[in-house]
Amino acid sequence: MTFDFCGRLASLQACPRDGPLPCGLAFGFVNGCTVWSTKGGNRKNEAGNRYMKRAAQGSIAVPAGLPLDSWPPQLLHRDWLALEVELELRAPWYSKDDRIFHVLDKPVHKDRVFGVPFMAAASWKGMLRWACRMQAGLRQHLEEGKRFEEWKDPDWILHLFGNEKGADEQFRQGVLVFYPTWFDKIGLEVINPHDRSRRRRHVADCLRSGAAGY
């Protein structure tokens, strides 16, 4: 028995109306809506409305049987110190998804398997590294007209975060290990300006204010 998934999508006779959450936001339902939006006419608006209605319904969480958000992390060494930070969004937050082909113009970043919106561990690490660099004098370095490439991380930053990606000399791993943050609610926002050629407003996935991070 063979199954041609792409062929089935190409032969759609109607836009999907429903799909399981959260995985339907990663494949299946979202793929059907995306393909339907390319068929011309008013189908793009129809597909977008179907997707937005479904994405905004209910809670979107990692499957309960998977310990991806367990605390403390199960793989944590017994000699390590674990720190947990809880956060709540006070304004909509936008991120860039890895998907190139999507029914919306700007989908929020979601796990490619489960469809759950999340902030990657590498992103947290990069932002905290940048904040530490500012504390260590990077702002003054740049204000003096010097290039970022001329900046050298002090030893304490190298100890915490290790070398930048791509470094091939005296490479070392940092002592900090980061975990992703998963969110449980998706909202939709209209982003301006309008498309000048079609007078169409861009719609984006976002993490709504009040969404919990864990």
Side-chain angles (χ1 to χ4, degrees), residues 1-12 14-38 44 47-77 82 84-89 92-128 165 173 176-189 203-208 210-214:
M1 177 180 178
T2 60
F3 178 71
D4 188 345
F5 179 65
C6 294
R8 186 182 71 83
L9 289 177
S11 63
L12 285 175
C15 183
R17 292 181 175 274
D18 201 359
L21 292 179
C23 62
L25 303 182
F27 55 87
F29 173 68
V30 65
N31 289 338
C33 290
T34 303
V35 170
W36 186 254
S37 71
T38 66
K44 182 173 179 60
N49 290 335
R50 293 274 176 85
Y51 172 84
M52 290 187 288
K53 180 179 179 180
R54 184 58 179 144
Q57 291 177 345
S59 179
I60 301 174
V62 175
L66 297 175
L68 298 179
D69 60 339
S70 61
W71 190 260
Q74 293 186 354
L75 299 180
L76 192 67
H77 192 278
E84 180 182 24
V85 178
E86 295 184 0
L87 59 96
E88 183 175 337
L89 299 175
W93 176 58
Y94 306 94
S95 59
K96 183 179 180 181
D97 198 15
D98 295 331
R99 292 178 64 106
I100 300 176
F101 190 45
H102 196 278
V103 62
L104 296 188
D105 299 301
K106 299 180 182 298
V108 73
H109 191 199
K110 305 180 190 70
D111 181 88
R112 66 180 62 187
V113 175
F114 304 113
V116 180
F118 78 114
M119 180 72 163
S123 298
W124 284 127
K125 180 178 181 180
M127 290 193 297
L128 187 56
K165 182 179 180 181
Q173 181 179 357
L176 294 180
V177 176
F178 292 81
Y179 286 83
T181 297
W182 305 89
F183 294 90
D184 59 5
K185 188 185 302 182
I186 288 181
L188 289 305
E189 293 284 329
V203 181
D205 268 344
C206 69
L207 298 178
R208 297 289 288 184
Y214 53 96

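From a predicted model like this one, the values you see are computed outputs, not experimental measurements.
Shown here are the side-chain contact (heavy atoms from CB on, under 4.5 Å) partners of Ala121, two or more places apart in sequence or in another chain: Phe178, Pro180. Residues meeting the side chain to side chain donor-acceptor pair (under 3.5 Å) test with Asp18, sequence neighbours left out: Arg54. Applying the salt bridge (charged side-chain N to carboxylate O under 4.0 Å, His left out) test to Asp98 and every residue at least two apart in sequence or in another chain returns Arg112. In this view, Val113 and Asp111 satisfy the side-chain contact (heavy atoms from CB on, under 4.5 Å) rule, not counting sequence neighbours.
Arg17 places a side-chain heavy atom less than 4.5 Å from the side chain of Arg50.
Listed by first and then second residue, the side-chain hydrogen bond (donor to acceptor under 3.5 Å, both in side chains) pairs that reach into residues 117-126 are Trp124-Thr181, sequence neighbours excluded.
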- Please walk me through it: do Lys110 and Ile186 pass side chain to side chain contact (heavy atoms under 4.5 Å, CB included)? CA-CA 10 Å; Lys110 305 180 190 70; Ile186 288 181; 3.6 Å; yes

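Nearest heavy atoms, Ile60 versus Ala55: CD1-O, 3.6 Å.
A donor-acceptor contact shorter than 3.5 Å is absent between the side chain of Lys185 and the backbone of Phe183.
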Could you pull out all donor-acceptor pairs under 3.5 Å where a side-chain atom in residues 21-37 meets a protein atom, sequence neighbours excluded?
from, atom 1, to, atom 2, distance (Å)
Asn31, OD1, Arg99, NH2, 2.8
Thr34, OG1, Val30, O, 2.7
Thr34, OG1, Val103, N, 3.1
Trp36, NE1, Glu46, OE1, 3.1
Ser37, OG, Thr34, O, 2.5

